[in-house]
Amino acid sequence: MQTMWFDACIFDLDGVIVDTAKYHFLAWKRLADMLDIPFSEKENEKLKGVSRLASLEIILELSGKKYTDSEKAKFAEMKNTWYVEFVSRMTPSEILPGAIELLTDLKSHGIKTAIGSASKNTLLILEKIRIKDLFDTVTDGNMVKSAKPDPEIFLVTASILNVKPEKCIVFEDSVAGIKAAHKAGMYGIGVGNKEILIEADYVINDLSEMSFLKLTALKTINQ
Ligand code: B16
Ligand code: MG
């Protein structure tokens, strides 16, 4: 059998498989409005791929005020309750273009697939969109201590899959996620805007632009 330069593909969830970023934004915006903090889509970009508490810190910094840890915990819980209300109404129709086709293609060629998401709501989302069977493993924010751009989430995923980091490809929509992939020693494909994902090794608009065959041609290895 031909040796591939990659053995596994790790997919971020929010912004790659589903567009939950819009629900995160609506829930954070509600909190920001409640606290009189100016918050727009532009500031929201910085929250992509970042953990819940780190996202809250970024928003609270915009207020210039200090909050206690118990206030912060309460705000994070409020935001999550609103977010979960949106997510609970999700259906498989919200799976982004090309996701099912690419996952099926990869599996038919023996490539391992995984989710590597910072979200603690990953399992709920996967259940709602009924796609979990297409992944060999799911690693989420409940399983790691450090959030992206720390590489922990991707290194844990690679270790569960029993694949070397250098043989993993990460699909990410966030700057923090591409940094995390690189720190893990993995190839990082940006999904989204080229001007934002400048550090990515390659950028696509969505997963419908990628296939097993295209991936094999992306990088040649000297061995
Ligand atoms: P939760 P990903 C990330 O998911 C989101 O991009 C980020 O905006 C969110 O704050 C984070 O999950 C935590 O989500 O509050 O549901 O635990 O992009 O890594 O799939
Ligand atoms: Mg994401």
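One-based numbering, in listed order, for ligands and for the atoms of each. What you are looking at is a predicted structure, and each value in this text was computed from that prediction instead of being measured. Here, residue 1 is the first one in the sequence, and each next residue gets the next number.
- Not one N or O on the side chain of Asp173 forms a donor-acceptor pair closer than 3.5 Å with the backbone of Val191.
- Asp12 contributes atom OD2 as its closest N/O/S atom to the Mg ion (ligand 2).
- Judged by distance alone, the side chain of Glu209 and the main-chain N or O of Ile204 form no donor-acceptor pair under 3.5 Å.
- Close approach of ligand 1 to Asn121 is summarised as follows: ligand atoms under 4.0 Å from at least one heavy atom of the residue are 1 (P), 16 (O).
- Using modelled atom types and a 3.5 Å distance limit, the side chains of Ser40 and Glu43 yield a donor-acceptor pair.
- Two rings, from Phe25 and Phe39, have their centers less than 6.0 Å apart.
- Every atom of ligand 1 with a heavy atom of Leu13 under 4.0 Å away is listed here by number and element: 20 (O).
- Using modelled atom types, one finds a donor on one side chain and an acceptor on the other under 3.5 Å when comparing Glu94 with Tyr23.
- Of all N/O/S atoms in Asp14, O sits nearest the Mg ion (ligand 2).
- Remark: the backbone N or O of Phe212 is paired with a side-chain donor or acceptor of Asp105 at under 3.5 angstrom.
- Thr91 and Ser93 share a side-chain donor-acceptor pair at under 3.5 Å.
- Taking atom 14 (O) of ligand 1 as the reference point, the nearest protein heavy-atom neighbour is Ser119 CA, 3.4 Å.
- Of the heavy atoms in Lys120, both backbone and side-chain atoms come closer than 4.0 Å to ligand 1.
- Of the heavy atoms in Ser55, only side-chain atoms (C-beta onward) come closer than 4.0 Å to ligand 1.
- Any N or O atom pair closer than 3.5 Å counts here, and Arg52 shares at least one such pair with ligand 1.
- Looking at ligand 1, you won't find any N or O of Tyr83 less than 3.5 Å from one of its N or O atoms.
- What sits closest to atom 18 (O) of ligand 1 on the protein, heavy atoms only, is Asp12 OD1, 2.8 Å.
- Restricting Asp173 to its N/O/S atoms, the shortest distance to the Mg ion (ligand 2) is reached by OD1.
- The closest approach between Gly49 and ligand 1 falls below 4.0 Å for a heavy atom of the residue.
- Counting only N and O atoms by type, the side chains of Asn193 and Asn205 include no donor and acceptor under 3.5 Å apart.
- Proximity of the aromatic rings of Tyr83 and Trp28 is defined here by a centroid distance below 6.0 angstrom, and this criterion is not met.
- Contacts between Leu47 and ligand 1, counted as non-hydrogen atom pairs separated by less than 4.0 Å, involve the backbone only.
- His24 pairs with exactly one of Arg52, Lys79, Lys29 by the side chain to side chain contact (heavy atoms under 4.5 Å, CB included) rule, that one being Lys79.
- Nearest protein neighbour of atom 3 (C) of ligand 1, counting heavy atoms only, is Asp14 OD2, 3.5 Å.
- Of the options Val84, Val50, Leu53, the smallest heavy-atom separation from atom 10 (O) of ligand 1 is shown by Val50.
- The shortest separation from a heavy atom of Lys148 to ligand 1 is under 4.0 Å, placing the residue in contact.
- Close approach to Ser117 involves these atoms of ligand 1, each under 4.0 Å from a residue heavy atom: 2 (P), 4 (O), 19 (O), 20 (O).
- Not one N or O on the side chain of Glu77 forms a donor-acceptor pair closer than 3.5 Å with the backbone of Ala73.
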